[in-house]
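Worksheet: the structure to be examined is printed underneath.
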Amino acid sequence: MTFQVVLNTVIAIMWAVLWNSYTGVDFLLGYIVGIFILFVLRRFLHFDFYMRRVFAAFKLIALFIKELIMSNIDVVKVLLSPKFDIEPGIIEVPTQLKSDWELTLLASLISLTPGTLSMDFAEDKKSIFVHSIHVPDKEQMIREIHDTFEKAIMEVTH
């Protein structure tokens, strides 16, 4: 991936030099042309196109913002309800993430979402313990974490 970013930057610089115009707009236009060239070359050189990961990272950020807003609404509903009938709980969420960076990102995203807190990792680093303010169905919460954050992190890193 690093090679592709460097190559794309070189293409953008060459574009600006060939046009004899050294503005930011010309560099950006050259960068876009470089993206197109790398996209076409990926079929012949058999490499994974790096912009896929960039789009996946933006998708992860958008997912986190959506989950942040939805969980804030859920916490406000719990706090403003006339009956304070919550079911707090600690659940063990198994994960397919391997690296420390991926696990730390998952734990951070869970902890930054209101109403949940990452507490600890299992010794073998194959699961994470999460405390939640309201857990009516543990299996559903595990599925939600797998289908949202874990899946998005895997798209970015794999």
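Given the structure is predicted, the values throughout are model-derived calculations rather than measurements. Numbers here are sequence positions counted from 1.
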Side-chain donor-acceptor pairs of residues 29-38 under 3.5 Å, sequence neighbours excluded:
unit_1: Tyr31; atom_1: OH; unit_2: Tyr50; atom_2: OH; d: 3.0

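Counting heavy atoms from C-beta on, the side chains of Leu97 and Met154 come closer than 4.5 Å. Two residues are said to be in side-chain contact when any heavy atoms from C-beta on lie closer than 4.5 Å; Gln4 and Phe49 meet this criterion. Annotation: side chain of Ile153 is in contact with side chain of Leu109 (closest heavy-atom distance under 4.5 Å). Side-chain contact between Glu102 and His158 is present, with at least one heavy-atom pair separated by less than 4.5 Å. Between Ile91 and Ile142 the shortest side-chain heavy-atom distance falls below 4.5 Å. Within the 4.5 Å cutoff, the side chain of Leu117 has no heavy atoms near those of the Ile133 side chain. In this structure, Asp120 and Ile128 have side chains that are not in contact, with every pair of non-hydrogen atoms separated by 4.5 Å or more. Between Pro88 and His131 the shortest side-chain heavy-atom distance falls below 4.5 Å.
For residues 104-117, the side chain to side chain donor-acceptor pair (under 3.5 Å) pairs, not counting sequence neighbours, are Ser111-Ser118. Identified under the side chain to side chain donor-acceptor pair (under 3.5 Å) test for residues 64-90, with sequence neighbours left out: none.
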Side chain to side chain contact (heavy atoms under 4.5 Å, CB included) between Tyr22 and Val17, worked out: CA-CA 7 Å; Tyr22 304 104; Val17 168; 4.0 Å; yes
Side chain to side chain contact (heavy atoms under 4.5 Å, CB included), that's the test. Do Phe27 and Thr9 meet it? Break it down for me. CA-CA 9 Å; Phe27 180 80; Thr9 305; 4.1 Å; yes
Met119 and Val130: side chain to side chain contact (heavy atoms under 4.5 Å, CB included), yes or no, with the steps? CA-CA 6 Å; Met119 295 176 50; Val130 177; over 6 Å; no
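Residues Val54 and Ile11 are members of one and the same hydrophobic cluster, defined by side-chain heavy-atom contacts under 4.5 angstrom among Ile, Leu, Val, Met, Phe, Trp and Tyr. In terms of hydrophobic clustering, with Ile, Leu, Val, Met, Phe, Trp and Tyr side chains grouped at heavy-atom distances under 4.5 Å, Leu103 and Val156 are assigned to a common cluster. Linking ILVMFWY residues whenever their side-chain heavy atoms come closer than 4.5 Å, directly or via other members, places Trp101 and Ile145 in the same cluster. Hydrophobic clustering (side-chain heavy atoms under 4.5 Å, transitive across Ile, Leu, Val, Met, Phe, Trp, Tyr) keeps Leu63 apart from Phe58. Hydrophobic cluster membership differs between Val76 and Ile73, with clusters built from Ile, Leu, Val, Met, Phe, Trp and Tyr side chains linked at under 4.5 angstrom.
Not one N or O on the side chain of Ser132 forms a donor-acceptor pair closer than 3.5 Å with the backbone of Val135. The backbone N or O of Gln96 lies less than 3.5 Å from no partner atom in the side chain of His146, so there is not a single donor-acceptor pair.
To the nearest 0.5 Å, atom CZ of residue Phe64 and atom CD1 of residue Ile69 are 10.0 Å apart. A distance of 8.0 Å separates CD1 of Ile110 from OG1 of Thr148, quoted to the nearest 0.5 Å. Expressed to the nearest 0.5 Å, how far CG of Leu105 lies from CG of Leu60 amounts to 6.0 Å. Distance CD/Glu144 to CD/Gln140: 4.5 Å, rounded to 0.5 Å.
Taking each heavy atom of Arg53 and Glu155 in turn, the nearest pair found is CG-O, 4.5 Å. When all heavy atoms of Glu150 and Leu106 are compared, the closest pair comes out as N-CD1, 4.2 Å.
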